[in-house]
There are 2 protein chains.
Amino acid sequence: MRRPAQTSRAAGAPARGAEQSESSEKKLFVDFLLDKNLKLTRQREAVVDEIFGGSGHFEAEEIVQRLKLNRSRVSRATVYRTLELLLECKLVERLELGGTGSYYEHVHPGEHHDHLICTQCGNVIEFHNEKLENMQAEICNNFDFQETHHSLRIFGLCSKCGQIPQ
Amino acid sequence: MRRPAQTSRAAGAPARGAEQSESSEKKLFVDFLLDKNLKLTRQREAVVDEIFGGSGHFEAEEIVQRLKLNRSRVSRATVYRTLELLLECKLVERLELGGTGSYYEHVHPGEHHDHLICTQCGNVIEFHNEKLENMQAEICNNFDFQETHHSLRIFGLCSKCGQIPQ
DNA sequence: ATTGAATATGAGACTAAATCTCAATTATAA
DNA sequence: TTATAATTGAGATTTAGTCTCATATTCAAT
Ligand SMILES: [Mn+2]
Ligand SMILES: [Mn+2]
Ligand SMILES: [Zn+2]
Ligand SMILES: [Zn+2]
């Protein structure tokens with residue numbers, strides 16, 4: 001399985017205009033930092049700018065490299081530390097796509113999607129289905145389980161790869 | 001989060017008597033091996049016996065250790081290699097419970113369940129919901145996606161941990 | 001039985017991702 | 001200023017898992 005980490009955005013998981021969200025989400029992050037007596041440093045800002053400015057699924061090391069090329073130098077340790085903070089305040093999610101390491105993605109508050117992962121070509125399709133979400137909530141309810149988050153990954157062959165019989 | 005890897009079996013994901021299944025599933029494995037011109041060696045047999053004899057979620061290293069204590073010595077490499085084979089023929093599934101490494105579990109052919117994972121105490125609850133499964137199939141259908149397998153993990157606080165407000 | 005080819009194993013080297021350490025730096029408040 | 005807390009980066013360390021390769025085993029064909 002290749003890992004090109006391509007991402008298809010499905011109807012139902014629409015792209016949000018980056019204009020409004022980027023700055024307001026950055027504010028959410030800053031508030032989160034202030035709340036914990038943490039500072040918005042040059043390095044942290046570079047990391048969030050890079051992440052909020054881009055799109056799709058990415059690896060931690062990718063951010064290190066992109067920053068190295070484009071703007072300021074930020075150490076791997078700081079990138080990981082900043083990702084940890086972004087996870088904590090729910091502006092970033094971690095995802096395991098079946099390979100070795102973790103991928104991350106920028107999440108817009110209140111939005112959520114799950115993933116179809118092609119094990120042949122690495123294509124990742126995002127989808128959202130409210131009925132499915134509701135059923136999950138019902139299941140949690142039945143078990144008196146207080147969900148914080150979930151991850152549904154469906155592995156298989158995308159439409160393109162399914163044509164060619166294996 | 002502790003990692004005691006306790007497992008609660010929910011109604012709807014009932015335990016199957018080990019009597020009948022264990023031997024017949026072992027036969028499935030042997031047939032699978034023969035089919036690929038692989039041999040049922042002393043070591044491979046020790047690994048499957050250990051796995052099919054036990055229950056719940058376990059780590060690879062756990063199998064190495066259990067075998068070291070109880071019966072034959074099998075190298076880590078061979079345990080990993082045998083797990084790979086068991087995954088391939090679908091008698092074992094790999095699962096990521098949020099910690100560092102992977103867990104595995106023995107799966108009975110045709111059965112399937114998903115997991116509620118308590119991030120507080122590590123308790124893992126298994127559940128199965130046919131309606132949910134059907135909806136997933138429908139989604140795959142919509143995307144012309146041929147599913148091979150999926151993994152739904154719901155993280156949060158179990159009934160016990162949810163009582164004590166964090 | 002002997003041989004030869006294919007298959008399997010184990011010890012330990014190796015890898016990759018992520019975390020940790022700690023000395024040096026920077027921010028903030030008194 | 002000075003003290004305190006927060007932050008950083010370089011590189012060491014950890015961990016889970018994979019890989020290598022010399023040796024051993026299996027099995028079918030003589
Ligand atoms: Mn996504
Ligand atoms: Mn399970
Ligand atoms: Zn594909
Ligand atoms: Zn719990």
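Lettering of chains follows the sequences in order, A, B, ..., and the numbering in each one begins at 1.
Residue Y80(B) contributes atom OH, which lies 20 Å from atom P of dA8(C) at whole-angstrom precision. If you take CG of L34(B) and C1' of dT26(D), they are 13 Å apart, rounded to a whole angstrom. L40(A) has its CG atom 16 Å from the P atom of dA6(D), to the nearest Å. The CD1 atom of I63(A) sits 15 Å away from the P atom of dA17(C) (whole-angstrom rounding). Residue L87(B) contributes atom CG, which lies 11 Å from atom P of dG17(D) at whole-angstrom precision. Atom CD of E84(A) is separated from atom C1' of dT8(D) by 17 Å (rounded to the nearest Å). Following rounding to the nearest Å, E96(A) (CD) and dA16(D) (P) show an atom-to-atom distance of 15 Å. Taking atom CZ of R42(B) as the reference point, atom P of dG10(C) lies 7 Å away to the nearest angstrom.
H106(B) and E25(B) are linked by a side-chain donor-acceptor pair at a separation below 3.5 angstrom, with hydrogens and angles left out of the test.
The nucleotide whose nearest atom lies closest to any side-chain atom of L38(A) is, among dC27(D), dA10(D), dA6(D), dA6(D). Taking the side chain of K39(A) as heavy atoms from C-beta on, and the options dA11(C), dG9(D), dA6(D), the nearest nucleotide is dA6(D). Checking dG10(C), dG11(D), dT8(D) against the side-chain heavy atoms of A77(A) singles out dG11(D) as nearest. Among the nucleotides dT18(D), dA18(C), dT9(C), the one closest to any side-chain atom of T41(B) is dT9(C).
Under 4.0 angstrom from either OP1 or OP2 of dG10(C) there lies no side-chain N or O belonging to R76(B). Remark: Q43(A) is not in phosphate contact with dT7(D), judged by side-chain N or O atoms under 4.0 Å from OP1 or OP2. A close approach under 4.0 Å does occur between a side-chain nitrogen or oxygen of T78(A) and OP1 or OP2 of dG9(D).
A salt bridge does not link E61(A) to K68(A): none of the charged side-chain nitrogens sits closer than 4.0 Å to a carboxylate oxygen. For the pair K131(B) and E138(A), the salt-bridge criterion is not met [side-chain N within less than 4.0 Å of a carboxylate O].
Heavy-atom neighbours of R66(B) CZ from other residues, nucleotides or ligands within 6.0 Å: above the threshold of 12.
Taking the side chain as every heavy atom from C-beta outward, L132(A) and Q136(A) approach each other to under 4.5 Å.
Both N37(B) and E59(A) lie near DNA chain C, and the one whose nearest nucleotide falls closer to the 5' end is N37(B). For the pair E61(B) and K36(A), both in contact range of DNA chain D, the more 5′-proximal nearest nucleotide belongs to K36(A).
At a threshold of 4.0 angstrom between heavy atoms, the contacts of R81(B) include nucleobase atoms, whether or not backbone atoms are also involved.
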